[in-house]
Structures are given as structure tokens and as C-alpha cells.
Amino acid sequence: MPEATQRFFDHQPESVQAARDFTTRTLTAWGLDDTGDIRLVVSELATNALTHGSDRRHGFLVRLEPHDGGIRLEVHDSRDPRKPLPEPAIPGPEAEAGRGLLIVATLAARWGIDPRPPRGKIIWSHFPAAPPPATPRAVQEDRTC
């Protein structure tokens, strides 16, 4: 099984796409397929880290680890430890934000939030591993008739 890998991203909007690309490259290198769920969750968590979890001087870290028959995705940020840990919200139908953790809860098999002493938090999620889709074999004609 491959070893865990991680990468730090600067506090800038382009880091969300870079985190998605890092995740895609890592899963491909490990020979795993992603239906898009892991990439969507890393996008949501990276966006949350930039918006709510870190200030402009601090970025965030994405860690991917083969774990318990699947993939553990972690996003670490530097959130002020005096702030309460986030919880999924139920936004109103007109709300343009507030659905990130609901998306995580829906797509991940398991997820949670842990404090990250001395500062910050880790939002982790677990996805069952899926091998890459099989390449269909070419249909061969039976010419014995």
C-alpha cells in the first residue's frame, strides 16, 4: 500500500484548484479511481479552510492516506483555537453558502473534526477505495461460421 502524502497550499483562491489537482494526481499514482466525490470534498474543505479556517498569513495542508480499506482525506487549517469547531448547518433555500459540511457528510463514508494543537483543526473524511474502471475488451467476431 502506498504511503501517506501531503502538501501545503498558500492562502489564495488558486489553491483550491491546486488541492484538487494534487488529489487527482495522488489517487491516479496509487492506481485508484475517484468518482469525483473525493475531489469535490477536497474542494469544499479547501474553500472552507481559506474562508473560515485560516487568516491571510496561513494556508492549509491537504493529506491523503491509505487507511482502513480506503482513503483518508484530511484538510488542516490554522483556525483560532478560541473559536468553536464548525458543525454542519441547514441553510435556507435562498442561501448561497453554508452547505460545505453537508456535502462532506453526504459523500464521505465517515468524517469528523479534530482540534489541531496548538492551533487549528483537522477535518477528515474517509472514502472506500475503488480500483480504476476496467478497460473494456474489444469485441472479437466469431468467424468460424
Side-chain angles (χ1 to χ4, degrees), residues 1-140:
M1 195 56 125
E3 291 188 25
T5 186
Q6 62 188 29
R7 182 172 164 204
F8 179 80
F9 297 91
D10 291 327
H11 191 283
Q12 57 190 20
E14 298 81 11
S15 292
V16 175
Q17 176 67 47
R20 252 191 329 267
D21 293 344
F22 165 73
T23 300
T24 301
R25 282 191 312 275
T26 300
L27 295 175
T28 301
W30 289 351
L32 298 174
D33 185 41
D34 173 25
T35 60
D37 292 353
I38 298 174
R39 286 190 309 266
L40 179 55
V41 168
V42 81
S43 291
E44 289 296 329
L45 295 180
T47 300
N48 283 355
L50 290 177
T51 307
H52 308 292
S54 59
D55 59 39
R56 296 190 190 285
R57 297 176 313 224
H58 299 95
F60 62 93
L61 180 120
V62 173
R63 184 178 193 321
L64 294 159
E65 176 184 11
H67 183 269
D68 198 19
I71 302 299
R72 180 179 169 108
L73 163 67
E74 297 177 356
V75 175
H76 299 226
D77 68 30
S78 57
R79 180 183 185 89
D80 183 338
R82 294 172 294 192
K83 291 184 178 180
L85 293 175
E87 294 182 22
I90 308 292
E94 302 298 320
E96 294 182 10
R99 293 176 179 82
L101 292 180
L102 288 175
I103 291 170
V104 174
T106 300
L107 297 178
R110 299 185 303 270
W111 76 282
I113 304 172
D114 296 326
R116 184 177 155 254
R119 183 175 181 84
K121 69 179 180 309
I122 301 167
I123 300 184
W124 60 268
S125 51
H126 185 271
F127 300 86
T135 305
R137 287 199 228 171
V139 176
Q140 297 179 348

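Because only heavy atoms are used, hydrogens play no part in the values below, and waters and symmetry mates are left out as well, while side chains stay in. For reference, positions follow the sequence shown, starting with 1.
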**Request:** Please work out which of the three classes, parallel, tilted or perpendicular, describes the rings of His67 and His126, given edges at 30° and 60°.
**Result:** perpendicular

**Request:** Decide yes or no for Ile122 and Ile113: does some side-chain heavy atom of the first lie under 4.5 Å from some side-chain heavy atom of the second?
**Result:** no

**Asked** Is there a donor-acceptor contact under 3.5 Å from the side chain of Asp55 to the main chain of His58?
**Response** yes

**Asked** How long is the span from the OG atom in Ser54 to the NE2 atom in His76, to the nearest 0.5 Å?
**Response** 13.5 Å

**Item:** Ser43 side chain to Arg20 side chain, donor-acceptor N/O pair below 3.5 angstrom
**Value:** yes

**Request:** Compare every heavy atom of Leu107 with every heavy atom of Phe127, then report the nearest pair and how far apart it is.
**Result:** CE2-O, 3.7 Å

**Prompt:** Is the shortest heavy-atom distance from the side chain of Leu50 to the side chain of His11 under 4.5 Å?
**Reply:** yes

**Prompt:** Quick one: are Trp124 and Leu73 in side-chain contact, heavy atoms under 4.5 Å?
**Reply:** no

**Request:** Report the distance from atom CG of Asp21 to atom CZ of Arg7, rounding to the nearest 0.5 Å.
**Result:** 8.5 Å

**Message:** If I compare all heavy atoms of Leu64 with all of Trp30, which pair ends up nearest, and what's the gap?
**Reply:** O-CH2, 3.5 Å

**Message:** Checking the side chain of Arg110 only, and the main-chain atoms of Ser125 only, is there a donor and an acceptor separated by less than 3.5 Å?
**Reply:** no

**Request:** List the atom of Arg63, the atom of Ala4, and the distance in Å for their closest heavy-atom pair.
**Result:** NH1-CB, 2.9 Å

**Asked** Could you give the distance from CD (Glu3) to CD (Glu65), rounded to the nearest 0.5 Å?
**Response** 10.5 Å

**Asked** Would you call Lys121 and Asp77 a salt bridge, taking side-chain N to carboxylate O under 4.0 Å as the test?
**Response** yes

**Item:** Thr23 side, atom OG1; Leu40 side, atom CG - distance, nearest 0.5 Å
**Value:** 11.5 Å

**Asked** Closest approach of Pro2 and Pro66, non-hydrogen atoms and distance?
**Response** O-CG, 3.1 Å

**Prompt:** Tell me, do Leu101 and Asn48 make a side-chain contact under 4.5 Å, heavy atoms counted?
**Reply:** yes

**Asked** Do Asp80 and Arg82 meet the salt-bridge criterion of a basic N to acidic O distance under 4.0 Å?
**Response** yes

**Prompt:** Do you know which two heavy atoms are closest between Ala19 and Phe60, and how far apart they sit?
**Reply:** CB-CE1, 4.2 Å

**Student check: side-chain heavy atoms of Phe22 and Val42 closer than 4.5 Å** = no

**Prompt:** Counting N and O atoms only, with roles assigned by atom type, does the side chain of Ser15 sit under 3.5 Å from a partner on the main chain of Phe9, one being a donor and the other an acceptor?
**Reply:** no

**Leu32 vs Ile71, side-chain contact (heavy atoms from CB on, under 4.5 Å): CA-CA, chis, key distance, verdict** = CA-CA 10 Å; Leu32 298 174; Ile71 302 299; 3.3 Å; yes

